[in-house]
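If you scroll down you'll find the structure; I have some questions about it.
In what follows, chains are A, B, ... by sequence order, proteins preceding strands, each numbered from 1. Bear in mind the structure is a predicted one, so any value in this text is a computation, not a measurement.
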2 protein chains.
Amino acid sequence: MTLDFRHHPAVTLAEVAEAAGVGESTVSRVLRDHGSFSNKTRDRVMEAVERLGYVPNRIAGTLASAGSRLVAFVIPSLSNIVFPDVLRGASTVLEENQHQAVFSVTDYDPEREEALVAAMLAWRPTAVMLAGFEHSERTLKMLRASGCRVVELLDLDGTALDLAVGYSNRAAGRASAEFLLKRGYRRIGYVGHDLDRDTRAGKRFAGLSEALGAAGAPLTDREIHAGGSSVESGRLGLERLLARSRDLDAVYFSNDDMALGGYFHCLAHGISVPSQLAIFGYNGLDIGRVTPQPLSTIRTPRVATGRIAAELVVTNAPPQVVDLGFELVEGATA
Amino acid sequence: MTLDFRHHPAVTLAEVAEAAGVGESTVSRVLRDHGSFSNKTRDRVMEAVERLGYVPNRIAGTLASAGSRLVAFVIPSLSNIVFPDVLRGASTVLEENQHQAVFSVTDYDPEREEALVAAMLAWRPTAVMLAGFEHSERTLKMLRASGCRVVELLDLDGTALDLAVGYSNRAAGRASAEFLLKRGYRRIGYVGHDLDRDTRAGKRFAGLSEALGAAGAPLTDREIHAGGSSVESGRLGLERLLARSRDLDAVYFSNDDMALGGYFHCLAHGISVPSQLAIFGYNGLDIGRVTPQPLSTIRTPRVATGRIAAELVVTNAPPQVVDLGFELVEGATA
DNA sequence: CCAATTTTTGGCAGCGCTACCATTTTTTGT
DNA sequence: ACAAAAAATGGTAGCGCTGCCAAAAATTGG
C-alpha cells in the first residue's frame, strides 16, 4: 500500500533538456548559472523547468562533481539546550551558503558516536561537527582518513584534530570558584549530573575543585545525579545535598537547568538566596535573567559557537582553535 | 590552504574488491548482507574493508538503488523547545532504522519554508516533515509532485497532504478556557507572541476566545509580543497587560515559556498566584513541574509526535492522521 | 567581406555504487 | 558417478548529473 502509483518517476535533467530543445549540459549550466549561455536559452530552459516542475537531484550532482555541501552534526543530546543553540547558530550560516545540516544524537555514548560518525561519513559531508575532544580511537582514525573538515565544539581543554570552536570549561569552573571565594563563600557544595559522560561538565567540576582546593577551601560535599541534567534533578540534588550538609553557604550546579531546580527548591522551602545559600549555575540561559532574582552564572556563547564553526567550514578556513570565551554574570543568587 | 594534500581520494568499493580478490558485486553483497556468499569470502572482504578503512559512499549507493534513507525536517525554529523535542523523538527511531535526519529552520517564514523544501527535495528524501498545515501553494505543489512521504506535525486543524501527527491546538485552547471557567475565573486576559506567524499558537488563541465567548465571558484584554516566545517577553507582556487591565483574575499565555515569565513577574511583585491572578500555559515543560507552584498547563506529546512520525515513515504506513491528544495539568497556578 | 576571435552549445565519459543476469562452483539425491 | 538443484560469484549497464572538450554560432576588427 505505497503511494508510488500516484507518481511519475521524478523529472530528470535530460527531460528538461529535451523539453527545452537544448543539450543537457546547457540546462546544467543555466541552472547553476555557471559558464555562458544566451538569455533566450536561459528563458527556454527556465520555462521548461517551471513547466515540468523539475527539482535538481543533488545526489547525482554530488556524485558527479565534488562537495556534498552537507554538514554533519554528531551531538550528545537535544535535551540539553546547548546543542539546539549550537545548531541554531550554525543553521543560519549554512542556509545562507547553500549547505544542509544533518545530525544525529549520541546520548553521550562514545560507541554510538563512533557508529554515527561512520554513518555520517558515508554521505561524504563537507564537515563533521562534534562535541568536545574525547572520541574513540576508531572515531579519530575515521575522521582523519575521511578528508573532510572536522570541528570540535564547546571545549578548548584538549587537542584539536582540525578546527575547534568553543571556550574552556576548566577555566569556567575556576572562574566560578574564584567568584564564589571572592564573595566570601567558603563551604561550597556541588550538585551535578553524570560527569563521566558529559566530559565538559567534568572539566568544569575539575576546574572548580582545583581552584577551591588551591584557595584552601576545598569542596565541602557533592551530590551527583546519574542521568542527564534537568531542573528536576537539580532540585532533588540540592535537597539531598542539604540533607547531608546543612551548613553549606553556596552550591555550584553543573548548569543552569540544575541551578534553577536548586533555586526553586530554595524558593519553595523558604531558604533565602543568597544570604542563607548562594546558587551558581552555568550557561547563562535567558530564563535565568527573568527569575525573581537573576541567576548568577557563566554565560557561554553557544549560538556564536555554531555560527563561527559554520563560517569556518564554509570558508574552508585553515586549521585553528577559536576561543570564544565566556562571561561571568554576577546575578543576584550568589 | 586546504588540507586536501593530506589525503588520498577516498577508498572505493572497486579497490576493496581488488584487494580482497573478489568481484565488486560480491563486496557489495557482503557489505549489505544481501544475497549469498561464503563465510570465507565474507572474511576476506571484511579484512580488506578494515585494512583499507573503507567507508561506503551512500551518495553513490542511493543514486544506484533507491531510497536515500534521508528524512528532511523543515521546522520553524530551534528556540522553541517544541521542535528540538520533536527532533529528539524522531532521531531515536530514525537511527535505529538507519535513516538520517536533515533539517533546516524557516524562522516561521513561509517563503523560507518554500525555498528550504525545494532544497530538501533535491536530496530525494524518504520523507519531509513540516510543522502544521499552512504552506504556500508552491510548497504544496512541490511536495505533491516529489513522490516522497510528507508528514505534517503538531497540528490537526486542517487538511493533511499525506500523514499528520499531532494534536488539536484549537481544542487545547478550548480546553484551557473551559478549565479556567470551571475554576470560576471570568476576567481572563491573554499574553502571547506573534500569532500570524506561529499559526498553531493562533489556533489555540482562536479556540480560547471562542470558548470564552460562548460561555459569555469573552476575553477581557490581550497583549501580543511581536517576536517569538520567550520567558522574558512573557514577563514583560504580563506587566504591560496588568498596567492596562488591573482587575484580571486569570491570564492565558501562548506557551509555558511565556507563562513562566508571567509567573516570575508575579513572584517578584508579590502578586499572589492563583488567588490574585491565575496563570495558565501550554506545553507542559518539565520546568513547570518544579517551580515552587507547579504550572497549570496543557501537556503536549512532543517527543511522541516525533517518534510516531518517524515510525510511520520507516514503516511506510498508509496516509493517515494520528491524534496524540494532550493532557490538562491542573497544577497550582490556576 | 573574411579571418580571427569570442561566445554559445552539445556529446559523452565517468562519479561509485547496485540490480540484474549469466556463469561457475558446490551440494544434493539417486 | 551423474544429473539436477542450489549456492556463490563476476560482469556490466545504468542511476542523474557535471566536467571536459570539440564544434557551431555570433561577434569583432581591419
Provide a list of protein-nucleic acid N or O atom pairs under 3.5 angstrom, restricted to nucleotides 4-7 of chain C.
none

Quiz item: CD1 of B:Ile59 versus P of C:dT18: gap in Å, rounded?
Solution: 13 Å
Name every donor-acceptor pair, under 3.5 Å, that has one atom in a side chain of residues 72-88 of chain B and the other anywhere in the protein, sequence neighbours excluded.
unit_1: B:Ser77; atom_1: OG; unit_2: B:Ser79; atom_2: N; d: 2.9
unit_1: B:Ser77; atom_1: OG; unit_2: B:Asn80; atom_2: N; d: 3.1
unit_1: B:Ser79; atom_1: OG; unit_2: A:Arg88; atom_2: NE; d: 3.4
unit_1: B:Asn80; atom_1: OD1; unit_2: B:Val82; atom_2: N; d: 3.3
unit_1: B:Asn80; atom_1: ND2; unit_2: B:Tyr108; atom_2: OH; d: 3.4
unit_1: B:Asp85; atom_1: OD1; unit_2: B:Arg88; atom_2: NH2; d: 2.8
unit_1: B:Asp85; atom_1: OD2; unit_2: B:Arg302; atom_2: NE; d: 2.8
unit_1: B:Asp85; atom_1: OD2; unit_2: B:Arg302; atom_2: NH2; d: 3.2
unit_1: B:Arg88; atom_1: NE; unit_2: A:Ser79; atom_2: OG; d: 3.4

Quiz prompt | Lys/Arg N to Asp/Glu carboxylate O, B:Glu113 vs B:Arg138, below 4.0 Å | solution = no
Exercise. Just call it for A:Thr62: base, sugar-phosphate, or nothing, with non-hydrogen atoms closer than 4.0 Å on any strand.
Key: nothing
Quiz prompt | Min side-chain heavy-atom separation B:Thr92-B:Arg307 under 4.5 Å | solution = no
Practice problem: Output all residues satisfying side chain to side chain donor-acceptor pair (under 3.5 Å) with B:Thr199, sequence neighbours left out; order by chain, then residue number. | Solution: B:Glu134
Identify all side-chain donor-acceptor contacts of residues 16-27 of chain A below 3.5 Å with residues at least two apart in sequence or on another chain.
unit_1: A:Thr26; atom_1: OG1; unit_2: A:Arg29; atom_2: NH2; d: 3.2

Practice problem: Please confirm whether the backbone N or O of A:Asp109 pairs with a side-chain atom of A:Glu111, one donor and one acceptor, at under 3.5 Å? | Solution: no
Quiz item: Starting at CG of A:Leu31 and ending at P of C:dT9, how long is that distance when rounded to a whole Å?
Solution: 14 Å
Quiz item: Would a distance-only check, ignoring hydrogens and angles, find a side-chain to backbone donor-acceptor pair under 3.5 Å from A:Arg149 to A:Val314?
Solution: no
Quiz item: So which of residues 17-30 of chain A are in contact with DNA chain C, with a heavy-atom cut-off of under 4.0 Å?
Solution: A:Gly21, A:Val22, A:Gly23, A:Ser25, A:Thr26, A:Arg29
Self-check item: Rounded interatomic separation in angstrom, taking CG from B:Asp33 and P from C:dT18
Solution: 13 Å
Exercise. Evaluate the side chain to side chain contact (heavy atoms under 4.5 Å, CB included) criterion for residues B:Arg197 and B:Asp107: first the C-alpha distance (whole Å), next the side-chain angles of each, then the deciding distance (0.1 Å), finally the verdict.
Key: CA-CA 9 Å; B:Arg197 286 154 68 89; B:Asp107 202 21; 4.2 Å; yes
Exercise. With DNA chain D as reference, determine whether A:Tyr54 or B:Arg42 sits nearer its 5' end, using the nearest nucleotide of each.
Key: B:Arg42
Practice problem: Check whether any side-chain N or O of A:Asp155 sits under 3.5 Å from a backbone N or O of A:Arg200 as a donor-acceptor pair, and report yes or no. | Solution: no
Exercise. Using atom types as modelled and distance alone, determine if a side-chain donor or acceptor of A:Ser68 lies under 3.5 Å from a backbone N or O of A:Arg124.
Key: yes
Exercise. At the 4.0 Å heavy-atom cut-off to chain A, mark where contacts on DNA chain D begin and end, going 5' to 3'.
Key: D:dG16 to D:dG19
Exercise. Figure out the CZ/C1' separation between B:Arg32 and C:dC17, and round it to whole Å.
Key: 8 Å
Self-check item: Atom-pair distance (CZ on B:Arg58; P on C:dT18), nearest Å
Solution: 10 Å
Quiz item: Charged N to carboxylate O under 4.0 angstrom, A:Glu137 versus A:Lys141?
Solution: no
Exercise. Would you kindly give the NE2-to-P distance between B:His34 and C:dC17, to the nearest whole Å?
Key: 17 Å
